Structure formats: C-alpha cells, structure tokens
Asker: 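Below is a structure I'd like to ask you about.
Owing to the predicted nature of the structure, the values given are computational and were not obtained by experimental measurement. Every chain is numbered from 1, with letters handed out A, B, ... down the list of sequences.
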There are 2 protein chains.
Amino acid sequence: MPAEAKVSAKVNKPAKVEARAAVPASPPLTERQEARRRRILHASAQLASRGGFDAVQMREVAESSQVALGTLYRYFPSKIHLLVATMQDQLEHMHGTLRKKPPQGATAAERVAETLMRAFRALQREPHLADAMVRALTFADRSVSPEVDQVSRQTTAIILDAMGQENPTPEQLSAVRVIEHTWHSALITWLSGRASIAQVKIDIETVCRLIDLTAPTGP
Amino acid sequence: MPAEAKVSAKVNKPAKVEARAAVPASPPLTERQEARRRRILHASAQLASRGGFDAVQMREVAESSQVALGTLYRYFPSKIHLLVATMQDQLEHMHGTLRKKPPQGATAAERVAETLMRAFRALQREPHLADAMVRALTFADRSVSPEVDQVSRQTTAIILDAMGQENPTPEQLSAVRVIEHTWHSALITWLSGRASIAQVKIDIETVCRLIDLTAPTGP
DNA sequence: ATCAAGTCTGAAACTTGTTCTAGATTAGCG
DNA sequence: CGCTAATCTAGAACAAGTTTCAGACTTGAT
C-alpha cells in the first residue's frame, strides 16, 4: 500500500468540506505530514508578515519550512492556494478569539460593526500579512473556489455569531453577503492606500445598517 | 530637444487627473504615440476577451499592437497598469452608452440597481474581458492607486448619474461607496464561479436599499 | 522482514512578467 | 538641412511561479 498516507494523488489537500466546520473532510494526514503542513503555513504567515504578498516566495517558503519545492506544491498547488489556506488558518484563530469576548452593542448592526472593527484592528497589527491574504483571496480564480468558499463560510459564521441570530431570514443572509462584499472590498482599498482607516470604519458602519433594515422585527 | 514627445521620463502616462473628467492631464502625445496607445489598448482588450487575465501576455500584446516590448512597458509600466487602463477605456465607453437611456425606476435605489444590472449584462457579454479587468483592479497595489482611483471616480459618477442627485449628502456618498464595494466584490464572486448571476442581482438590489435609507427626505 | 505503492528531495527546466542594452529612428530647433 | 535629445526596436537577461524527473525514503500490507 501507499506510504506516508493512503491518499491517491495530490496530498490530502482540503477537498469537499463538511457542511459547517472548517476542518477538511479528506483522508487524514500522518503526523509527519501534519507537521509539514503546519511548518509550511507557519513559514507562509511569517514571510507574509514581513513583506506582504510579494515576500511570500515559493522557494523561500519551501526552504523556511524545510520542505522540497515539489512537496510544497503537492500540499498547496499554487501560491494562491497557499495564501488562502493561510487565511483559513488565521480566520479560525480569529473566530476563536472573537468568541471569547462577544460584542456589546445593543442592536445586531452595532454588534456586527463592532466585531468587524475588532477584526480590522487585528489586521492592522499585521498589515503585510493582511495584504498577502486579502490580495490572494480576491485574486483567486475558479481553481481555488472551494477554498475561497470555505473562507467565506467562516466569515459568514463570524458575522452571524455577532448578530446573535440563530435562524437568519433570507433577507438577513443577503445583508450578510453584502456586508462581506463590503468588508473585503474596503480592506482592499485600505491595503492599497486609497482609503483611510476612518473611511473603512464608516463604510462598515454604513453597510451594517442593512441588518436593522432587514431585521425580522424591522420595518 | 526630445523626440516624439517632450516628456521627461516614462511616456505621458496618465498622472494626476482633473477633478471630474476621465482625461489625463499630462503632456500631450504625438499622433503616432496616441495611435500606439490605442493599438495597445485594443490588443489588450482583444486578448482579454479571449482568455481573460492570463491570456493578456505582455509579449503578445506587444506583438499584436506592433510595438516593442520595451515600448509597451514605457506606456504601461506593468500588466496591471495596462489592464486598469483598459478598464478606464471600457468604462468611459459604457458611461457614454448608459447616459443615452437613463434608467426608468421610480426611486433612486431602483435606478441605481437598474443601471448596475445593465452594466452587469454588458460585462456578461464579454466575461473574459470582465475577468481580466476586475481581477487587475482588485489586485492592483499602491503603485497603481492613481489609476484605480480614477476608475473608482468614474464608477461613482455613473452611480450618481443614475441617482439623479446633484448634491449628494455625505451619507449618500457613503452609501455609494458601499455600493461600489459590493459591485466589485460581487463581480469577483461571479467571475470565480462562486455566485450565480441571480445572486449578484440580489446583492445589488439589497445594497441599493441603502440609498433610500440615506435619502435626504428619507427616514 | 519484505515489498509495492505512494511520498519526499534536489535540481533542472519552462513560462511569463519585468528590466536592460545597443543601435536605429524621430521630432523639433536653429 | 543638420543636430541633439528622446523614443522606439530587437533581443538578451533576469526573477519568481510552476512543472518535471530520477532517485532516496516511508508506510502499511503480506
């Protein structure tokens, strides 16, 4: 039988994903493989934290993580895949952090805005890392759709969490979609220096109004 | 004195731009230079229409437009610059087209949604071209900010046109910003196959509600 | 313990964006 | 016209993402 894992082709790259969780449902990795994967993601985040998207060079990631270039590509079929996976990783971490101190706002809109601003502040602490992750996310083509979708689901989960809404209406889900759009695009404009932090704040607060507008008890 | 133009360095690449118009304010180009520029943009759009972002290869653009590679880079300092300029070009064209038949909707929100859906339909006719332009736009880094800003201004102008609002309030401008965010991000999700045309429509209509919400005579 | 199948490594090769160079061309001025 | 500075061209060279390959290494099954 196989070797380090019983996968067929391409290392267990996160394929189809379970309905909710962030955990890939693909064949399990051996310990050593799991360790390699971690090393790679760590190196990726570290290099990204330095110089952003451009500083994440595949050869360097491979070297930093003590893995051959070919192996890196087996785990992550492209630089974009790698960075999107890095984002998944960071997002999970952030969701955990955010869960701990739930937002205080009185309305759902306030809580969502507060949560997103908290996330934004976290990103501001590592602007280069944010740059690498967000640029990869929006540049991703169809071949990365499953992974990008996963990030999107995770983001949706964070927002719904903040809303404290168990069973959102379709209208509310639309509002959440629009909020995500705004969130990503506002980050882009901030990262490329075309919008200030204050401007991003305003945009987030503006779009969050949609939540109240679509609240089940609303207008 | 100089040759084909009296520019200093880098061909008259659109620098600072006048307050409103889309016309670059830089030193004028010779006829031959203007012609070269047109050929390049045409080749860019043509290649993009075929295979999208990846199909726009600088060597091919240079060949198609009968220009040396070095010259291409003198006119457009990077592939991203080129594609963003291509977008400026197309946007101008589209703004002209849209002006002709103003939207019919009763409310500003309806008119904006109608206008954006009209633009969306136009993009659907050349999805590959849309792919190239939008991907370039969101991937652009700081070095392209002036040009991307110009595109943003043009988009804002189209939306304000549709609103029929001469003197928008700051709140309305915020709403317009959020609409633009949603517009760009929704296009991205559509282009990468993660959202359907119907979904994009819903998102546009949802975000356009913000306009009524912020109307001067509104709530 | 042995073996077959799959994995990892190291290095070279290939692709495409970007830069550089030497020489031919062009524009405008005197 | 003839000059000069800038532009254009052809082509090589460089950089980083991606692919490929032969051989060494692991793993799990027999």
Asker: Check the distance between C/dC8's C1' and A/E31's CD and give it to me in whole angstrom.
Answerer: 18 Å
Asker: Bend across the helix from C/dA1-D/dT30 to C/dG30-D/dC1, to 10°, with axes taken over 5 pairs at each end?
Answerer: 10°
Asker: Is any side-chain heavy atom of A/T182 closer than 4.5 Å to a side-chain heavy atom of A/T206?
Answerer: no
Asker: Which residues pass the salt bridge (charged side-chain N to carboxylate O under 4.0 Å, His left out) test with B/E205, not counting sequence neighbours?
Answerer: B/K201
Asker: With a cut-off of less than 4.0 Å, is there a side-chain N or O of A/R74 near OP1 or OP2 of C/dG6?
Answerer: no
Asker: Looking at A/Y73, does any N or O in its side chain come under 4.0 Å of the phosphate oxygens OP1/OP2 on C/dC8?
Answerer: no
Asker: Show me the donor-acceptor pairs within less than 3.5 Å that the side chains of residues 61-69 of chain A make with the rest of the protein, sequence neighbours left out.
Answerer:
residue	atom	partner	partner atom	Å
A/S64	OG	A/E60	O	3.1
A/S65	OG	A/V61	O	2.5
A/S65	OG	A/A62	O	3.4

Asker: Under 3.5 Å, side chain of B/S44 to main-chain N/O of B/I40, donor-acceptor pair present?
Answerer: no
Asker: State, without any angle test, whether A/Q199 and B/R177 hold a side-chain donor-acceptor pair at a distance under 3.5 Å.
Answerer: yes
Asker: From CG of B/L83 over to C1' of C/dT16, roughly how many Å is that when rounded to an integer?
Answerer: 14 Å
Asker: Would you tell me if any nitrogen or oxygen in the side chain of B/Q33 comes within less than 4.0 Å of OP1 or OP2 on C/dT26?
Answerer: no
Asker: Is there a residue in residues 126-138 of chain B whose heavy atoms reach under 4.0 Å of DNA chain C, and which residues are they?
Answerer: none
Asker: If you measure only the distance, is there a donor-acceptor pair under 3.5 Å linking the side chains of A/T30 and A/R32?
Answerer: no
Asker: Salt bridge (charged side-chain N to carboxylate O under 4.0 Å, His left out) with A/E114: which residues, sequence neighbours excluded?
Answerer: A/R118
Asker: Taking CZ from A/R32 and C1' from D/dT27, how many angstroms apart are they, rounded to a whole number?
Answerer: 10 Å
Asker: I'd like a table of atom pairs between the protein and nucleotides 9-11 of chain C - only N or O on both sides, under 3.5 Å - with the distance next to each one.
Answerer:
residue	atom	partner	partner atom	Å
C/dT9	OP2	A/A68	N	3.0
C/dT9	OP2	A/T71	OG1	2.7

Asker: With a 4.0 Å heavy-atom cut-off, tell me which residues in residues 48-63 of chain A come close to DNA chain D, sorted by residue number.
Answerer: A/V56, A/Q57, A/M58, A/R59
Asker: Would you kindly say whether A/Q46 and A/S49 are connected by a side-chain donor-acceptor distance under 3.5 Å?
Answerer: no
Asker: Can you tell me if A/S185 and B/E180 form a side-chain donor-acceptor pair at under 3.5 Å?
Answerer: no
Asker: Which residues pass the salt bridge (charged side-chain N to carboxylate O under 4.0 Å, His left out) test with A/R111, sequence neighbours left out?
Answerer: none
Asker: Show every ring-ring contact (aromatic ring centres under 6.0 Å, His included) that has at least one partner inside residues 129-157 of chain A, sequence neighbours left out.
Answerer: A/F139-B/F53, A/F139-B/F139
Asker: Could you state the CG-P distance from A/L82 to D/dG17, rounded to the nearest angstrom?
Answerer: 10 Å
Asker: Going by the ring-ring contact (aromatic ring centres under 6.0 Å, His included) test, which pairs reach into residues 173-196 of chain A, not counting sequence neighbours?
Answerer: A/F120-A/W190
Asker: To the nearest angstrom, how far is A/Y75 atom OH from C/dC8 atom C1'?
Answerer: 9 Å
Asker: Please list, chain by chain and in numerical order, all residues satisfying salt bridge (charged side-chain N to carboxylate O under 4.0 Å, His left out) with B/R59, sequence neighbours excluded.
Answerer: none
Asker: How close or far is atom P of C/dT18 from atom CG of B/D141, stated in whole angstroms?
Answerer: 10 Å
Asker: Under the side-chain hydrogen bond (donor to acceptor under 3.5 Å, both in side chains) rule, collect the residues that match up with B/T71, sequence neighbours excluded.
Answerer: none
